[in-house]
Amino acid sequence: DRGNRPPTVEVEEGDAGGDAGRLADQDQRLLELLFGVRLHAHDPSDRWIAWQLSAPDALELIHAIGRDVTEREAAAYALRESEARYQHIAANVPGVVYQYVFRPDGTHGYTFVSEGARTLFGVAPEAALADPATLVQLIHPDELAHFRALARQAAERLGEFHWEGRVVLGTGEERFVSIAARDYRQPDGTVVSDGLMIDVTELHRAARRLEESEERYRSLFAHNPDAVYSLDLDMRFTSANPRCEAVTGFTEAEFIDGTA
């Protein structure tokens with residue numbers, strides 16, 4: 001019956017064993033050490049106890065003081081779990097999660113860059129953390145001034161920041177990137193920008209293909225040797241090519257406004 005058994009102590013590997021040995025090796029000195037053990041008490045929950053040991057009489061007598069640090073350990077564990085979840089999310093977001101700071105002393109730089117930087121830009125996160133120019137210098141020279149102006153405005157006004165433009169990778173490849181962030185000020189005056197960079201190259205290419213297709217259609221429509229027009233569901237003219245005017249004598253405007 002667990003309720004009739006005294007509490008048992010489970011020492012975490014690497015905590016007490018080595019410390020006890022080191023304590024035994026010392027002589028004629030006051031020694032203190034702090035380590036955590038897990039106490040299996042009568043209730044189902046475990047408790048974490050921090051023990052402080054001292055041997056003032058060369059190990060003839062050892063004093064021990066135990067302190068319940070369960071709440072502290074639970075908070076530390078929750079923090080580690082939260083950081084692990086954040087790291088997992090940031091690593092799997094299809095883009096680059098980052099945090100950039102503007103400090104009151106005029107210095108600035110990244111404090112966090114996700115692993116996506118390696119995939120998107122071919123830049124190691126630690127390189128961007130060490131030197132923010134590693135990422136900033138990838139922005140196309142024709143668009144860098146505009147990017148910096150927008151970034152300064154966002155830092156001054158606080159709120160949302162958005163930029164979309166070209167970057168040139170180390171391989172020479174040109175790609176389009178969209179950056180969205182939100183800036184806020186901390187009590188010490190530091191402006192923090194939390195943001196996300198995503199690759200929108202394919203969207204730009206698709207838009208360009210659509211534009212080129214529409215240009216070809218307009219060219220074929222305008223230069224078609226036959227009279228070509230379009231009607232809506234109410235049988236009203238919405239367009240008429242120049243050949244319609246040559247055949248009927250009515251202009252496109254007259255077709256559309258119904259006077260033809």
Please check if the number of heavy atoms outside Glu174 that lie under 6.0 Å from its CD is greater than 12.
yes

Rounded to the nearest 0.5 angstrom, the CZ-OH distance for Phe161 and Tyr100 is 11.0 Å

Does the side chain of Val123 come within less than 4.5 Å of Val113's, by heavy atoms?
no

Can you hop from Phe250 to Met235 via hydrophobic side chains spaced under 4.5 Å?
yes

Hydrophobic clusters here meaning ILVMFWY residues chained together by side-chain heavy-atom distances under 4.5 Å, can you tell me if Leu144 and Leu150 are in one?
yes

pair Ser193-Val101: side-chain heavy atoms closer than 4.5 Å
no

Pro125 and Ser114: which non-hydrogen atoms are nearest, and at how many Å?
CG-O, 3.5 Å

Nearest atoms (heavy-atom pairs only) where Ser230 meets Thr238:
OG-OG1, 2.6 Å

Can we say Arg236 and Asp234 salt-bridge, meaning some charged N sits less than 4.0 Å from an Asp/Glu carboxylate O?
yes

Taking atom CD1 of Ile179 and atom CG of Leu196, what is their separation to the nearest 0.5 Å?
9.5 Å

Quick check: does any side chain N or O of Glu252 sit under 3.5 Å from a backbone N or O of Ala240, one acting as donor and the other as acceptor?
yes

Check the pair Tyr184 / Leu158 against side-chain contact (heavy atoms from CB on, under 4.5 Å), numbers first and verdict last.
CA-CA 6 Å; Tyr184 58 94; Leu158 304 182; 5.5 Å; no

Nearest 0.5 Å, what's the CZ-OG1 distance between Arg243 and Thr248?
10.5 Å

Point-to-point distance, once rounded to the nearest 0.5 Å, from CD of Glu126 to CD of Glu115
7.5 Å

If hydrophobic clusters are built by linking Ile, Leu, Val, Met, Phe, Trp and Tyr wherever their side-chain heavy atoms come under 4.5 Å apart, do Val136 and Leu129 end up in the same one?
yes

Euclidean distance, Tyr229 OH relative to Asn224 CG, rounded to 0.5 Å
13.0 Å

Are Trp163 and Leu169 grouped together when hydrophobic residues (ILVMFWY) are joined by side-chain heavy atoms under 4.5 angstrom apart?
yes

Are Arg148 and Ile139 side-chain neighbours, meaning at least one heavy-atom pair lies under 4.5 Å?
no

Is a salt bridge present between Glu202 and Arg205, judged by a nitrogen-to-oxygen distance below 4.0 Å?
yes

Look only at the side chain of Ser178 and the backbone of Ile198, and say whether a donor-acceptor pair between them is shorter than 3.5 Å.
no

Could you go through the side-chain contact (heavy atoms from CB on, under 4.5 Å) check for Val191 and His108 one step at a time?
CA-CA 9 Å; Val191 174; His108 53 86; over 6 Å; no

Enclosure of His162 NE2 (heavy-atom neighbours >12, cutoff 6.0 Å)
yes

Straight-line distance of Asp194 CG to Gln99 CD, nearest 0.5 Å:
4.5 Å

Side chains of Leu231 and Phe237, heavy atoms from C-beta outward: is any pair under 4.5 Å?
yes

Donor-acceptor check, side chain of Asn241 to backbone of Asp226, threshold 3.5 angstrom: yes or no?
yes

Which class fits the ring pair Phe176 and His204: parallel under 30°, tilted 30 to 60°, perpendicular over 60°?
parallel

Main-chain N/O of Thr251 paired to Glu254 side chain as donor or acceptor, under 3.5 Å
yes

Looking only at heavy atoms, which two atoms of Tyr98 and Tyr110 are closest? And how far apart?
CD1-CE2, 3.8 Å

When clusters are formed by joining ILVMFWY residues with side-chain heavy atoms under 4.5 Å apart, either directly or through shared neighbours, do Leu135 and Val192 land in the same one?
no

Can you name the nearest heavy-atom pair linking Val228 to Cys244, along with the distance?
O-SG, 3.4 Å

For Glu71, does the CD atom sit with more than 12 other heavy atoms under 6.0 Å from it, leaving out its own atoms?
no

